[in-house]
Amino acid sequence: MTRVLSVASECAPLVKTGGLADVAGALPGALADLGDEMRTLLPGYRSVMGQVKKAKAVATFSDLFGGPARVMAAKLAGLDLLVLDAPHLYDRPGSPYLGENGHDWPDNPERFAALSYAAAHIALKGADKWKPQVIHGHDWQAGFIPEYLHEMSGGKGGVPFVFTIHNIAFHGNTGPDRIKALGLSDWRFNADHFEFWGHVSALKAGLTGADRITTVSKTYAEELMTPEFGMGMDGVLRARRDDLTGIVNGIDTEVWNPGTDPQIKVYKTAKGKGPNKTALRKEFGLKKSDGPLCVLISRLTYQKGIDLILEALPALLARGGQLALLGTGETALEVALLERAAAEPNVGVRIGYDEALSHRMIAAGDAILVPSRFEPCGLTQLYGLRYGTVPLVALTGGLADTVINASPAALAQGVATGVQFTPVTGEALANAFTRLCDLYAAPKTWAAIQKNAMKQPVGWETSAADYSALYAGLLEG
Ligand code: ADP
Ligand code: GLC
């Protein structure tokens, strides 16, 4: 049994912009089943403080990057939380990262340095009569933890640090003029620590300072070490190859359970999808059609390949297929999608963030689309598998690891769970739409794929055991 402090900038169900929140929210429970004790440190955003009712202060800071702050211990949604209450940094409207103008908060470096500082403080001094044996930080927001551990312990460090990359696209960069303000050491502004092409990089600090690095699938772990996917950090990661592992994400199989999901007309086998499909078509203003009803739920960004959907859509529509899409993100993509929905009777688009609708869509869809250019793990294809909603995915990252392509060989062996395409282009996606429609038109084959999909183990059991072993391994030697 290991005591672990998890440090994350978002955590479901309290605050979520993407899959990181799901992982941070689900891992503690999965580890508890194995006997590990994980507490989660997260920023006291206005929305989070509003949910924390009963809490006690377990650490205080008279001046944490510009104002007083305290760590509040609270139990909420089955989680053991340590919430960093620092009004000067977090008590404001908007998302965790962006102001209402859609731009990063200018003090993001300080906001998340504070989180990392508080983590190092808790690790070394304890809080609530509790001291972690391992710190597990997520993404650049936790990147400075090894730097602060080093500073506070007079160079000894002392508490092992596991650093997980969910998305290497975000580096948490700032200028060297902020080094002092961030409480970092000038002499460590070099390529072995947190210097990255003349910038101060929180991500690089985490990558160079971590005892172990993980990312959220095996394929992405390999991809990260290539210039194509490494976003400039591939060299750093190649140098740390021996300490880098991929541990695939699971999903919360209670929240995502077609047999009990309160948002849907529940079903045990994919045959029971019918009423959900009828209801969703109505909700999206779609008529009955012969082809597959495809759903897509995503942040609308370049990463997610949404532009490729627009390009390849004719191939799906030509076969009587339909698209129901839910997402929010880049304005140009939102506009283009709404225009397409207005022009095509078989396309429905909802711009916004809607958890309940996402459940209805997964339950209703024949197929779920994930055409990402890169995807460290991806969660919606896992929901799809669990609900017998056949994933059509790009052959990359976690999408490569979690879906078994319906190749002739896989079909013959009866193991196919979805459709994969490569390269990640509009043309290849159009071909994949055609393959999907061919499979859909063969009801026995389709039913077999759905059945295989629903049998896949998509919960946390195996991966939580991998994390648990990783923590334990750090304490052995
Ligand atoms: P990422 O973290 O890169 O956004 P993931 O697939 O790992 O991608 O996780 C995305 C999570 O956010 C999933 O739980 C997905 O269902 C959810 N999500 C994304 N967009 C929306 C939306 N518009 N409405 C509801 N849920 C969404
Ligand atoms: C990131 C990735 C996504 C992954 C999620 C949780 O946001 O883009 O692929 O599933 O983190 O690890």
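None of the values given here were measured: they were computed from a predicted structure. First listed ligand is number 1; within each ligand, the first listed atom is number 1.
- The closest protein non-hydrogen atom to atom 13 (C) of ligand 1 is Y383 OH, 3.6 Å.
- Between the side chain of K273 and the main chain of A363, a donor-acceptor pair closer than 3.5 Å is present.
- Here the rule is ring pair (Phe, Tyr, Trp, His ring centres under 6.0 Å) with H171, and of F112, F194, F196 only F196 fits it.
- Between F170 and W140, the distance separating the two ring centers is not shorter than 6.0 angstrom.
- Here the heavy atom of the protein found nearest to atom 4 (O) of ligand 1 is R299 NE, 2.7 Å.
- Looking only at heavy atoms of the protein, atom 6 (O) of ligand 1 is closest to L379 N, 2.9 Å.
- At the top of the distance list for atom 20 (N) of ligand 1, counting protein heavy atoms only, stands S298 C, 3.6 Å.
- Closest approach of C11 to L79, counting heavy atoms only: SG-CD1, 3.7 Å.
- Of all protein heavy atoms, the one closest to atom 18 (N) of ligand 1 is Y353 CE1, 3.8 Å.
- Here the protein heavy atom with the shortest distance to atom 8 (O) of ligand 1 is K304 NZ, 3.1 Å.
- Remark: the backbone N or O of V403 is paired with a side-chain donor or acceptor of Q420 at under 3.5 angstrom.
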Give me the pairs of N or O atoms, one from ligand 2 and one from the protein, that sit under 3.5 Å apart.
from: ligand 2; atom 1: 8 (O); to: Q303; atom 2: NE2; distance (Å): 3.3
from: ligand 2; atom 1: 8 (O); to: E375; atom 2: OE2; distance (Å): 3.4
from: ligand 2; atom 1: 9 (O); to: E375; atom 2: OE2; distance (Å): 2.4
from: ligand 2; atom 1: 9 (O); to: P376; atom 2: N; distance (Å): 3.4
from: ligand 2; atom 1: 9 (O); to: C377; atom 2: N; distance (Å): 3.0
from: ligand 2; atom 1: 9 (O); to: G378; atom 2: N; distance (Å): 2.9
from: ligand 2; atom 1: 10 (O); to: G378; atom 2: N; distance (Å): 2.9
from: ligand 2; atom 1: 12 (O); to: H166; atom 2: ND1; distance (Å): 2.6
from: ligand 2; atom 1: 12 (O); to: N249; atom 2: ND2; distance (Å): 2.8

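- A heavy-atom distance below 4.5 Å is found between the side chains of T17 and Y97.
- A salt bridge links D307 with R373: at least one charged nitrogen is closer than 4.0 Å to a carboxylate oxygen.
- Annotation: atom 24 (N) of ligand 1 to nearest protein heavy atom, D354 N, 3.0 Å.
- The six-membered or imidazole ring of H136 lies near that of Y467, with a centre-to-centre distance under 6.0 Å.
- The CG atom of L203 sits 6.5 Å away from atom CD1 of I165, with the distance rounded to the nearest 0.5 Å.
- Using the six-membered ring where Trp is involved, Y387 and H359 have ring planes that are perpendicular, over 60° apart on the 30 and 60° scheme.
- Of the candidates G19, G352, P376, the one placing a heavy atom closest to atom 23 (N) of ligand 1 is G352.
- Distances from atom 15 (C) of ligand 1 to the heavy atoms of I351, T380, L357, I368 show the closest one on T380.
- Taking the six-membered ring for Trp and the full ring otherwise, Y148 and Y117 have centroids separated by under 6.0 Å.
- Between D22 and ligand 1, a contact under 3.5 Å exists for at least one N or O pair.
- Between L429 and L308, the shortest heavy-atom distance links the atoms CD2-O, 3.5 Å.
- From the protein, the heavy atom lying nearest to atom 12 (O) of ligand 1 is K16 CE, 3.5 Å.
- Of all atoms in ligand 1, listed by their number and element, those nearer than 4.0 Å to a heavy atom of G327 are 23 (N).
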